[in-house]
Participant: 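Have a look at this one.
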Protein chains: 2
Amino acid sequence: MIAPCSPVAASPAEGRVLGSAEVIAALAALAQEHRLAAFRLLVEAGPDGVSAGDLADRLSIPRSSLSFHLNQMMQAGLIVQRRESRSLIYSADFAAMAALVGFLTENCCRGAGC
Amino acid sequence: MIAPCSPVAASPAEGRVLGSAEVIAALAALAQEHRLAAFRLLVEAGPDGVSAGDLADRLSIPRSSLSFHLNQMMQAGLIVQRRESRSLIYSADFAAMAALVGFLTENCCRGAGC
DNA sequence: CTGTCATTTCCATAATATTGGAAATATGGA
DNA sequence: TCCATATTTCCAATATTATGGAAATGACAG
């Protein structure tokens, strides 16, 4: 018996199991300087999220570039968008992120601590 | 107090803490069909590893292409190479993978189960 | 309506990644 | 030494991603 981390049994309350195409999309979505930075800001911001404009300012990149990156992350299912009056507010999809980490620990981590 | 998974304190026996450039390299290394497949085979194989030729056969891709991908993963620090007579044997670096998962849970997972 | 703010879409350009055949390199055996 | 095996490096073609300005869209106030 191994039982490395989790106090619960094996595959617990994982909302969703990903196929490798989805995993690749999610990994690619995070494997970029501006996107990783944006995602971390969104994680920090929590469910309130951050508007596109704020993000662009905080990251110091042009709005059209940011828009491109946000789109990538949405298509990968890592973030979510909602409109609030004139602004579009983005927030991290924590369940999706948890599913990604779940995939990695289960498929790519055999034996190592997590 | 939150204490989501680990029975130990905060940042436990993590061999190494990654900067975001390293994380991006590792994510990009896994964000590709053939590389993710290769890495999963290496994880399954454990410390014994698999030779380049075997991997190419199992993945059904040309040797020069595989060589390119193995190089990417080595540069990203996710796999390791050793020579055994005529063959080059590759194996997964589990500590590196654990560090990647550690980064993701700590920086991109706030609040979600892991 | 008209103007303004917030953001996206369009699009051309530039940069980076992927592919695979052919030639080069390393290793061990006859 | 010479040959066969295992794998890499080279390189050119192709494909995919990233950039950012300008024009288009959506929302709201006067």
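Just the heavy atoms: all of them, side chains too, but no hydrogens, waters or symmetry mates, feed the values below. Predicted, not measured: the structure shown is a model, and the values here were computed from it.
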Participant: Could you tell me the separation between the CE atom of B:Met74 and the C1' atom of D:dT9, rounded to a whole number of Å?
Facilitator: 13 Å

Participant: Looking only at non-hydrogen atoms, find the nearest pair between A:Gly49 and A:Ser91 and report the distance.
Facilitator: CA-CB, 3.8 Å

Participant: Walk me through whether A:Leu55 and A:Leu42 qualify under side-chain contact (heavy atoms from CB on, under 4.5 Å).
Facilitator: CA-CA 9 Å; A:Leu55 274 177; A:Leu42 293 181; 4.0 Å; yes

Participant: Going by side-chain contact (heavy atoms from CB on, under 4.5 Å), name the residues that satisfy it together with A:Ser67, two or more places apart in sequence or in a different chain.
Facilitator: none

Participant: Could you walk me through whether B:Val43 and B:Met97 pass side-chain contact (heavy atoms from CB on, under 4.5 Å), step by step?
Facilitator: CA-CA 10 Å; B:Val43 166; B:Met97 192 62 204; over 6 Å; no

Participant: Under a single-linkage definition using a 4.5 Å side-chain heavy-atom cutoff for Ile, Leu, Val, Met, Phe, Trp and Tyr, are B:Ile89 and B:Leu70 assigned to the same hydrophobic cluster?
Facilitator: no

Participant: Which value, rounded to the nearest 0.5 Å, describes the distance between A:Arg110 atom CZ and A:Thr105 atom OG1?
Facilitator: 11.0 Å

Participant: For the helix from C:dC1-D:dG30 to C:dA30-D:dT1, figure out the bend between the end axes, five pairs an end, and round to 10 degrees.
Facilitator: 10°

Participant: Just wondering, are more than 12 heavy atoms of other shown residues or ligands nearer than 6.0 Å to CD in A:Glu33?
Facilitator: no

Participant: So, using salt bridge (Lys or Arg N to Asp or Glu O under 4.0 Å) as the criterion, who are the partners of B:Arg40 when residues are at least two apart?
Facilitator: none

Participant: CD of B:Gln72 versus P of C:dA17: gap in Å, rounded?
Facilitator: 7 Å

Participant: Rounding to a whole Å, what distance do you find between B:Leu70:CG and C:dT19:P?
Facilitator: 12 Å

Participant: Kindly state which residues belonging to residues 29-47 of chain B come within less than 4.0 angstrom of DNA chain C, counting heavy atoms of the residue only, listed by number.
Facilitator: B:Gln32, B:His34, B:Arg35

Participant: Would a single hydrophobic cluster contain both A:Phe39 and A:Val80, if residues Ile, Leu, Val, Met, Phe, Trp and Tyr are joined by side-chain heavy-atom contacts under 4.5 Å?
Facilitator: no

Participant: What parts of residues 19-26 of chain B reach DNA chain C, counting only heavy atoms under 4.0 Å away?
Facilitator: none

Participant: If you round to the nearest 0.5 Å, how far is CD1 of A:Ile61 from NE2 of A:His69?
Facilitator: 5.0 Å

Participant: How far does CD of A:Gln81 sit from CG of A:Leu88, to the nearest 0.5 angstrom?
Facilitator: 4.5 Å

Participant: Show the nearest heavy-atom pair for residues A:Ile79 and A:Ala92, with the distance to one decimal.
Facilitator: CG2-CA, 4.2 Å

Participant: Identify, with sequence neighbours excluded, every residue that meets side-chain contact (heavy atoms from CB on, under 4.5 Å) alongside A:Ala96.
Facilitator: A:Leu78, A:Asp93

Participant: May I have the list of side-chain donor-acceptor pairs in residues 22-31 of chain B shorter than 3.5 Å, sequence neighbours left out?
Facilitator:
| unit_1 | atom_1 | unit_2 | atom_2 | d |
| --- | --- | --- | --- | --- |
| B:Glu22 | OE1 | B:Gly19 | N | 2.9 |
| B:Glu22 | OE2 | B:Arg16 | NH2 | 3.0 |

Participant: Please tell me if B:His69 has a side-chain N or O lying less than 4.0 Å from either OP1 or OP2 of C:dA17.
Facilitator: no

Participant: Tell me, which pairs form a salt bridge (Lys or Arg N to Asp or Glu O under 4.0 Å) where one or both residues lie in residues 69-91 of chain B, sequence neighbours left out?
Facilitator: B:Arg82-B:Glu84

Participant: For nucleotides 14-16 of chain C, list the nitrogen or oxygen atoms of the protein found under 3.5 Å from its nitrogen or oxygen atoms, one pair per line.
Facilitator:
none

Participant: With B:Asp54, which residues qualify under salt bridge (Lys or Arg N to Asp or Glu O under 4.0 Å), at least two apart?
Facilitator: none

Participant: Could you see if A:Phe68 belongs to whatever hydrophobic cluster contains A:Leu41? Use Ile, Leu, Val, Met, Phe, Trp, Tyr and a side-chain cutoff under 4.5 Å.
Facilitator: no

Participant: Let me spell it out: for each of B:Ala52 and A:Ala28, pick the nucleotide of DNA chain D with the closest heavy atom. Which residue's pick is nearer the 5' end?
Facilitator: B:Ala52

Participant: Just wondering, do A:Met73 and A:Tyr90 contact through their side chains at under 4.5 Å, heavy atoms?
Facilitator: no

Participant: Which ones in residues 75-91 of chain B lie close to DNA chain C, meaning a heavy atom under 4.0 Å from one of its atoms?
Facilitator: B:Arg83, B:Ser85, B:Arg86

Participant: Mind running a 4.0 Å heavy-atom check of residues 53-65 of chain B against DNA chain D and sending the residues that fall below it, in number order?
Facilitator: B:Gly53, B:Arg63, B:Ser64

Participant: I need the CG-C1' distance between A:Asn71 and C:dC10, as an integer number of Å.
Facilitator: 13 Å

